[in-house]
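None of these values were measured; they are calculated from a predicted model.
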Amino acid sequence: MIPWRHIFAGALAAFFLLGGTLNIFASPEIRADYDRWGYPGWFPYLTGLLEWTAAALIAVPRTRLIGSILAACVMGAAAATVLLHGEFGHAVPPLVVLVLVAANGWLTGQRQTAAAS
């Protein structure tokens, strides 16, 4: 039986894998968003690579905490971007994912602390 914390982390990893793919193979609409926010043309690739890296790190229990920190940085930057551009409704999804990633990081840290004791 798989522990629920691994299922939770797997769902987050899948989310970031999908998000990274949508950024690396960005649609014209996604590219238009990045242009509107003032980011250079290569920025969706960087974002996608960071999301893929976070997904890979979250998927492995030993690197899950580092992956959660990276994912939190990506989601924090996404939320800050839309908030700074007055797109307040668009800030809700990255903020929700930020909370979920923070919970994953906390659970991972608790588990690592308990294992070390």
Side-chain angles (χ1 to χ4, degrees):
M1 197 161 173
I2 300 172
W4 67 271
R5 67 182 182 284
H6 292 314
I7 295 169
F8 181 59
L12 284 173
F15 173 84
F16 282 98
L17 181 63
L18 175 62
T21 301
L22 291 174
N23 276 303
I24 289 175
F25 302 103
S27 67
E29 293 81 15
I30 290 173
R31 291 206 168 275
D33 288 340
Y34 279 99
D35 289 342
R36 184 177 72 250
W37 298 324
Y39 289 112
W42 52 264
F43 205 77
Y45 299 111
L46 174 63
T47 303
L49 287 173
L50 290 172
E51 288 177 316
W52 276 356
T53 302
L57 292 169
I58 289 170
V60 178
R62 181 174 284 161
T63 59
R64 190 165 290 156
L65 183 57
I66 295 167
S68 295
I69 292 167
L70 176 58
C73 291
V74 171
M75 288 296 100
T81 294
V82 293
L83 288 171
L84 289 171
H85 287 87
E87 300 175 23
F88 302 110
H90 289 114
V92 173
L95 289 172
V96 167
V97 175
L98 177 60
V99 168
L100 294 173
V101 167
N104 188 60
W106 182 80
L107 289 169
T108 301
Q110 292 293 100
R111 181 74 177 169
Q112 288 176 352
T113 301
S117 315

Establish, from distance only, whether the side-chain atoms of Thr81 and Tyr39 form a donor-acceptor pair under 3.5 Å. yes
Any chain of hydrophobic side-chain contacts (each under 4.5 Å) joining [X] to [Y]?
X      : Y      : result
Val60  : Phe15  : no
Leu95  : Val101 : yes
Leu46  : Leu22  : yes
Leu107 : Ile7   : no
Val97  : Ile69  : no

Can you name the one residue among Leu98, Val96, Leu70 that meets side-chain contact (heavy atoms from CB on, under 4.5 Å) with Met75? Leu98
Report the distance from atom CG of Asn23 to atom CG of Asp33, rounding to the nearest 0.5 Å. 10.0 Å
Distance in Å, Trp42 CH2 paired with Thr47 OG1, rounded so as to fall on 0.5 Å steps: 8.5 Å
What are the two closest non-hydrogen atoms of [X] and [Y], and how far apart are they?
X     : Y      : value
Trp52 : Leu17  : NE1-O, 3.2 Å
Ala9  : Arg64  : CB-NE, 3.2 Å
Thr63 : Leu57  : OG1-O, 2.8 Å
Phe8  : Leu100 : CZ-O, 3.5 Å
Ala71 : Ile58  : CB-CD1, 4.0 Å
Ala91 : Leu83  : CB-CD2, 3.6 Å

Counting only heavy atoms not in Arg36, do more than 12 fall under 6.0 Å of its CZ? yes
Taking only residues two or more places apart in sequence, or in another chain, which ones meet Arg31 in a side-chain hydrogen bond (donor to acceptor under 3.5 Å, both in side chains)? Tyr45
Under the side-chain hydrogen bond (donor to acceptor under 3.5 Å, both in side chains) rule, collect the residues that match up with Trp106, sequence neighbours excluded. none
Do the non-hydrogen side-chain atoms of Val82 and Trp37 ever get within less than 4.5 Å of each other? yes
Does Asn104 form a side-chain contact (heavy atoms from CB on, under 4.5 Å) with Thr108? I'd like the steps, not just the answer. CA-CA 6 Å; Asn104 188 60; Thr108 301; 4.3 Å; yes
